[in-house]
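Okay, structure first, notes after.
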Amino acid sequence: IPSKEPVAVGDTLVFATGPKADQEITLDDLRAAQRERIPFIIAFPKSPENVVKKDLITNTIMVILADPNKMSPETRQHASPEGVLAYSAVCKHLGCTVSLWQNDTWLCPCHGGRYDIYNQARVVGGPVPAPVPQLPVKVEGGKVVVAGEFLGKPGADV
Ligand code: FES
């Protein structure tokens with residue numbers, strides 16, 4: 001089933017929900033989100049064959065425009081030069097979507113797991129056993145494009 005294929009290099013990222021669901025996320029969208037104080041966008045990958053791969057839980061991805069100067073060198077290495085950064089959004093604890101933002105940390109609503117997006121999603125709170133893996137991305141033609149495989153195994157550690 002094409003919509004269950006895992007994210008792959010060359011996929012674009014599309015909005016998972018909202019009025020722009022299934023549309024490709026652009027650098028302009030991320031800048032607009034930042035202006036509106038929407039800290040990040042939840043995304044699914046879309047294949048070059050235009051299939052939105054939304055039926056595989058581990059394809060739930062967060063994408064954020066962040067300050068490259070705040071990123072650790074390892075984090076920055078897999079972000080775009082503009083500061084577009086992506087991670088698996090499936091919590092490593094029990095698999096909830098990490099969907100909140102508080103005090104400059106990314107927060108899981110289920111049991112309060114917290115991740116530091118500037119440091120490869122280092123765990124900074126809650127019962128989470130491991131960081132979520134970073135997804136290398138770049139910007140091409142204004143769109144966010146997957147540039148590498150997850151830097152670890154996505155999905156809950158259960
Ligand atoms: Fe995220 Fe428990 S599932 S903290």
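Note that the numbering runs from 1 along the sequence shown for the chain. Atoms within a ligand are numbered from 1 in the order they appear, just like the ligands themselves.
Residue contact check: G113 has heavy atoms under 4.0 Å from atoms 4 (S) of ligand 1. Here is the list of ligand 1 atoms found below 4.0 Å of a heavy atom in C108: 1 (Fe), 3 (S), 4 (S). The C96 neighbourhood of ligand 1 comprises atoms 3 (S), with distances under 4.0 Å to a heavy atom of that residue.
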- side-chain contact (heavy atoms from CB on, under 4.5 Å) evaluation trace for V90 with V132: CA-CA 7 Å; V90 182; V132 289; 6.0 Å; no
- I would like to know whether C110 and C96 meet disulfide (SG to SG under 2.5 Å); could you show each step before the answer? CA-CA 7 Å; C110 289; C96 290; 1.9 Å; yes
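Not a single N/O/S atom of C91, whether from backbone or side chain, sits less than 2.8 Å from atom 2 (Fe) of ligand 1.
Between K92 and D157 there is a salt bridge, with a side-chain nitrogen of the basic residue lying less than 4.0 Å from a carboxylate oxygen of the acidic one.
Residue-level check: among N/O/S atoms of H93, ND1 sits closest to atom 2 (Fe) of ligand 1. Atom 2 (Fe) of ligand 1 lies closest to atom ND1 when only the N/O/S atoms of H111 are considered.
Aromatic ring orientation, H93 versus H111: perpendicular (interplanar angle above 60°, classes split at 30° and 60°). Taking the six-membered ring where tryptophan is involved, the planes of W106 and Y115 are tilted, since the angle between them lies from 30° to 60°.
For the 3.5 Å distance criterion, the side chains of Q120 and T75 fail to qualify, holding no donor opposite an acceptor.
Regarding atom 3 (S) of ligand 1, its nearest protein heavy-atom neighbour is L94 N, 3.3 Å.
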